Amino acid sequence: MTCDEAKILLHALLDNELDAGHAREVEAHIAGCPGCAAEFAAQREMQRVLAETNLRYTAPASLRSRIEASLPQRQQPSRRSVLRGFAMGSAVSALAASGVVAVVLRQDDQQRILSEVVSAHLRSLQAGHLIDVVSTDQHTVKPWFNGKLDVAPPVIDLTAQGFTLVGGRLDYIDARAIGAVVYKRRQHVINLFVSQTSNAEYRAPKTETMQGFNCRRWGNRGLNFWAVSDIGADELAEFVDKFEAAMKANVEG
Amino acid sequence: MPANDDLEKAQRFREAALPYLDDVYTLARYLLRDASDAEDAVQECYLRALKHFDSYRGPAMKPWLFAILRNVCNAEYARRAHRHSAIEDTPDAAEQTPMWQETEASPETEVLRSRDAGAIRKLIDALAEPFKETFVLREINNLSYREIAETIGAPVGTVMSRLARARAMLRAAWMAEEEHSK
C-alpha cells in the first residue's frame, strides 16, 4: 500500500468503514510508516475533539410550526364553526352547541407544558423569532391565524390599556402548533399562548414562576391561555384582567 | 376538507420525516451559511418530500431527505450565483490543496486545543464545496459512506477522497488559526 492510498483509507479506518482485511492492511502500513502514523493520530485527535463539541443546529420552533401547518390537517366542521364563532364574537353559544372535541391537557402534564411554554417564550426572544405577522391592528393579526390552526386565538388590541399588540406567531407546544399573540409593555414582551380545550368551564387565573418568568394561566370559553413575560406578577395579572374584560365586552357586544 | 387518503399520508409523512427536522436544518445551515435561507430551504424540502412521498420506497429516510434538501440548496446557490458556486462546481483551487501539509511534525505538537462550537462551526463553514458537504454528512449528520454516496449521487470512492481532503483542509485551517493566536 502506498502512502497516497493509506492517507485516504486511514479515514475509513477511523470511521469503521473498512472490512477486516482492508483494516489490517491499513494498520500494517501505519505501523511501518511514521508519516501516516502521525496523520492517523492527528486525525483521530481531531475526530475526538469534534465528537465532544455540539456542532448540530436545532430547528426553530416557528419552522416546525410552519411545516406542521403546511401538512393537510384533520379538521372537523364543528371546530370551524367555533372558529367563525370567535370571529363573530359569539363564541360562547357556538361552543355550547358544538360539543368540541379537542386538545385535552391532562393534569399531570401541566408542569411539562408550563416548561414548554416558558421555552417557547425564550425562543421567541431570539432575534427574528418573535413575530410571524407584524401588525398592531387586530383586524390584520386575527385573519392571519385563520386556516393555520385548529382554533384561531382571539386577538384583542389592548393599546389603550397600556399593552401594545405587536403581532402574532405560530408556535409549537406539546407537539402541536398553537397560536401566540404578542404584546409589549414598555420594552417587555408578553407572549399570550392560546390552545383549544374540551373543558368549557372557567378556570381562574393562576400565576406560576419558572426560570425567572411569570406565567399566568387560565381557561375560559373552551380555550387555555398562558401569558408569559418577565414583567412583574402584578402587571401580568393586570394584563390578564384587561384581556378578559375586553374579551367579555367583545362576546357580549 | 382534505380526503382521508391525504390525511393518512400526511400522518405517515409526519411520523417518518419530522423526527429528522433538526438533521435537515443542520445540513441546511452548513450548506447555506444563513439561518433564514436555511429555514426557507428546509420548508421547501419538506414540501417537496411530502409531494414525492408516494414514490419513497426507503429504506433510509434521512439520506432521502438530504438528497431533496441538496437539490433545494443547489437552486439557492444558482440564485446566489454571483456569490457562491454550486456544490457540483468543484473549485480548482480546493482540488489542488495538498491533502497533507503538516505531517512531518511530531504527534505531540499536533494536539488541537478544544475550541468552542462557534469557532469550529466557522472553520467548517469556510471549507470549500463539495468537501464541506461530505464532511458535514459524515461527521455531524452521522451518515455512513454508503448513505453519503446515495445522498450526493457519487461513488463511495469519491466520498472517501472528498472526506480525506475535507479533514486535511479543516485540520490545516484549525492549526493555522492556533498558530495565529499564539
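What you are looking at is a predicted structure, and each value in this text was computed from that prediction instead of being measured. Letters A, B, ... mirror the listed sequences (proteins, then strands); counts begin at 1.
- Side-chain N or O atoms of B:Arg171 include none that pairs as donor or acceptor with a backbone N or O of A:Glu39 at under 3.5 Å.
- With a 4.5 Å cut-off on non-hydrogen atoms, B:Tyr46 touches chain A through its side chain but not through its backbone.
- In this structure the side chain of B:Arg167 reaches within 4.5 angstrom of the side chain of A:Met46, judged on heavy atoms.
- The two atoms that bring B:Tyr145 and A:Glu17 nearest to each other are N-OE2, 2.9 Å, heavy atoms only.
- No donor-acceptor distance shorter than 3.5 angstrom exists from the side chain of B:Asp22 to the backbone of A:Thr58, with no hydrogens or angles considered.
- Residues B:Ile140 and A:Leu50 fail the side-chain proximity criterion, which asks for heavy atoms closer than 4.5 Å.
- No more than 12 heavy atoms of other residues, nucleotides or ligands sit less than 6.0 Å from atom NE2 of A:His22.
- Looking at B:Leu18 and A:Glu68, their side chains come closer than 4.5 Å, going by heavy atoms from C-beta outward.
- Interface remark: B:Leu50 contributes side-chain atoms only to the contact with chain A (heavy atom separation under 4.5 Å).
- Within a 6.0 Å sphere centred on CZ of B:Arg12, other residues, nucleotides and ligands contribute more than 12 heavy atoms.
- In this structure, CG in B:Asp116 is found 12.0 Å from CG in A:Asn54, a value given to the nearest 0.5 Å.
- For chain A, the option among B:Lys9, B:Arg121, B:Arg14 with the highest count of heavy-atom pairs below 4.5 Å is B:Arg121.
- Looking at B:Leu27, there are no atoms closer than 4.5 Å to chain A (heavy atoms on both sides), in backbone or side chain.
- Closest non-hydrogen pair, B:Ser161 versus A:Ile8, comes out as CB-CD1, 4.0 Å.
- Not a single donor-acceptor pair under 3.5 Å links the side chain of B:Thr26 to the backbone N or O of A:Arg56.
- The shortest non-hydrogen separation linking B:Leu21 to A:Ala59 is CG-CB, 3.7 Å.
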Quiz item: Would A:Leu55 and B:Val136 satisfy side chain to side chain contact (heavy atoms under 4.5 Å, CB included), going step by step from the backbone distance to the final call?
Solution: CA-CA 9 Å; A:Leu55 298 170; B:Val136 171; over 6 Å; no
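- Proximity of a side-chain donor or acceptor of B:Glu139 to a complementary backbone N or O of A:Gln47 within less than 3.5 Å is not detected.
- With contacts defined as side-chain heavy-atom distances shorter than 4.5 Å, the pair B:Val42/A:Ile67 qualifies.
- With rounding to the nearest 0.5 Å, the separation of CG in A:Leu71 from CG in B:Asp6 is 11.0 Å.
- Donor-acceptor pairing under 3.5 Å is recorded for the side chains of A:Arg66 and B:Gln43.
- Using a 4.5 Å cut-off between heavy atoms, B:Ser144 contacts chain A through both its backbone and its side chain.
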